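First up is the structure itself, then whatever we jot down about it.
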Amino acid sequence: MPGQTPHSKLSDEELLHAFRASGDNQWLGHLLQRYTTLLLGVALKYLKDKNQAEDAVQHIFLKVLTHLPHEDIANFKGWLYVLMRNHCLQQLRDKMYNADEAALAYLPAQEADKEEVAWHEHTLQQMNEAIAQLNEEQRKTIVLFYLKKCSYEQIIAQTGYTFMQVKSYIQNGKRNLKTILSKTGNSRA
């Protein structure tokens, strides 16, 4: 028969065996080439987009080349079909999840949410006012540590304070903030 190569006469199992025996990817390549049309058809069925389907086939080829299981595969064609189907279903789930998240962004805020936002804004204002009442060392270390997310080492480098001073200023500043905020009635817990 014209166009037939010696490897085209080999069964799936023989090609897999040749690949595992030699480690030569050409055997696996011949086997995958045999099912390219099948894989593309499955991907098109699920994804309904030619470019996405072609990408899915490439993804499956790469996955087979890099993660072929060591155990024997009794039905390579069936195994490949299931691998493609699962990949497509995962793509659809991911697409659905992203679409759901995007849709949530356009939902109008509920009244309770508006009250929550107002409460948080009020709390932030009170927190800023309370921080302003701290002494300079406490204010500086609290702002650097909690608001600017600096490490102790970064605070030491910026302020020249010792490790023990930074630790003390943060602890005392936190305690003083709690006292100031409790006096202003800002306790929701």
Side-chain angles (χ1 to χ4, degrees), residues 39 42-71 79 82-189:
L39 292 175
V42 172
L44 277 169
K45 174 184 167 189
Y46 284 99
L47 301 175
K48 312 275 192 252
D49 179 88
K50 186 178 181 221
N51 290 331
Q52 286 180 355
E54 289 171 350
D55 288 347
V57 170
Q58 291 302 316
H59 179 84
I60 293 302
F61 279 9
L62 183 62
K63 188 169 187 172
V64 170
L65 286 168
T66 57
H67 294 93
L68 185 69
H70 294 292
E71 66 271 0
W79 176 81
V82 170
L83 196 63
M84 176 56 84
R85 184 195 64 196
N86 290 346
H87 174 74
C88 291
L89 291 174
Q90 185 62 50
Q91 293 294 314
L92 293 172
R93 273 192 294 272
D94 291 347
K95 193 176 185 180
M96 178 94 62
Y97 176 76
N98 290 336
D100 288 348
E101 273 191 351
L104 286 176
Y106 295 105
L107 288 177
Q110 303 294 323
E111 281 304 313
D113 292 340
K114 291 178 183 175
E115 289 175 12
E116 185 80 11
V117 168
W119 184 84
H120 281 294
E121 287 175 3
H122 177 70
T123 303
L124 284 174
Q125 182 182 351
Q126 285 183 319
M127 182 64 79
N128 284 332
E129 291 169 4
I131 289 172
Q133 294 179 39
L134 297 175
N135 69 40
E136 183 186 349
E137 293 87 0
Q138 291 174 1
R139 182 174 55 251
K140 198 181 286 186
T141 54
I142 289 288
V143 167
L144 289 171
F145 188 71
Y146 288 106
L147 302 180
K148 296 190 177 177
K149 306 290 185 201
C150 293
S151 67
Y152 275 36
E153 290 79 19
Q154 291 169 323
I155 296 171
I156 292 167
Q158 288 183 35
T159 62
Y161 302 148
T162 67
F163 176 82
M164 291 308 292
Q165 286 175 316
V166 169
K167 186 176 177 182
S168 174
Y169 293 147
I170 290 173
Q171 286 176 342
N172 292 333
K174 219 167 52 168
R175 185 175 50 251
N176 290 338
L177 275 176
K178 195 173 186 179
T179 303
I180 293 166
L181 289 171
S182 68
K183 288 179 185 175
T184 61
N186 183 20
S187 64
R188 192 172 190 209

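In what follows, residues are counted from 1 in the order of the sequence shown. Keep in mind it's a predicted model, so treat the numbers as computed, not measured.
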Using side-chain heavy atoms (C-beta onward) and a distance below 4.5 Å, is Gln154 in contact with Leu144? no

Val64 vs Trp79 side-chain heavy atoms within contact, under 4.5 Å: yes

What is the distance from atom [atom1] of [X] to atom [atom2] of [Y], rounded to the nearest 0.5 Å?
{"X": "Gln138", "Y": "Leu177", "atom1": "CD", "atom2": "CG", "answer": "8.0 Å"}
{"X": "Ile155", "Y": "Phe163", "atom1": "CD1", "atom2": "CZ", "answer": "10.0 Å"}
{"X": "Leu44", "Y": "Gln52", "atom1": "CG", "atom2": "CD", "answer": "10.0 Å"}
{"X": "Thr179", "Y": "Lys174", "atom1": "OG1", "atom2": "NZ", "answer": "12.5 Å"}
{"X": "Ile142", "Y": "Asn135", "atom1": "CD1", "atom2": "CG", "answer": "10.0 Å"}
{"X": "Gln165", "Y": "Thr141", "atom1": "CD", "atom2": "OG1", "answer": "10.0 Å"}

Measure across [X] and [Y] and return the closest heavy-atom pair with its distance rounded to 0.1 Å.
{"X": "Met84", "Y": "Ala43", "answer": "SD-CB, 4.0 Å"}
{"X": "Ile156", "Y": "Val166", "answer": "CG1-CG2, 3.8 Å"}
{"X": "Gln158", "Y": "Cys150", "answer": "NE2-SG, 3.8 Å"}
{"X": "Thr159", "Y": "Lys140", "answer": "CG2-CD, 3.6 Å"}
{"X": "Ala130", "Y": "Leu181", "answer": "CB-CD2, 4.0 Å"}

Quick one: do Leu134 and Asn172 satisfy side chain to side chain contact (heavy atoms under 4.5 Å, CB included)? Show the steps, please. CA-CA 10 Å; Leu134 297 175; Asn172 292 333; over 6 Å; no

Pair Asp55, Leu47 - check side chain to side chain contact (heavy atoms under 4.5 Å, CB included), show working. CA-CA 11 Å; Asp55 288 347; Leu47 301 175; over 6 Å; no

If the test is side chain to side chain contact (heavy atoms under 4.5 Å, CB included), which one of Leu92, Ile60, Val82 qualifies with His87? Ile60

List the steps and the verdict of side chain to side chain contact (heavy atoms under 4.5 Å, CB included) for Tyr169 and Phe145. CA-CA 11 Å; Tyr169 293 147; Phe145 188 71; over 6 Å; no

Test side chain to side chain contact (heavy atoms under 4.5 Å, CB included) on Gln90 and Asn86; report intermediate values, then the result. CA-CA 6 Å; Gln90 185 62 50; Asn86 290 346; over 6 Å; no

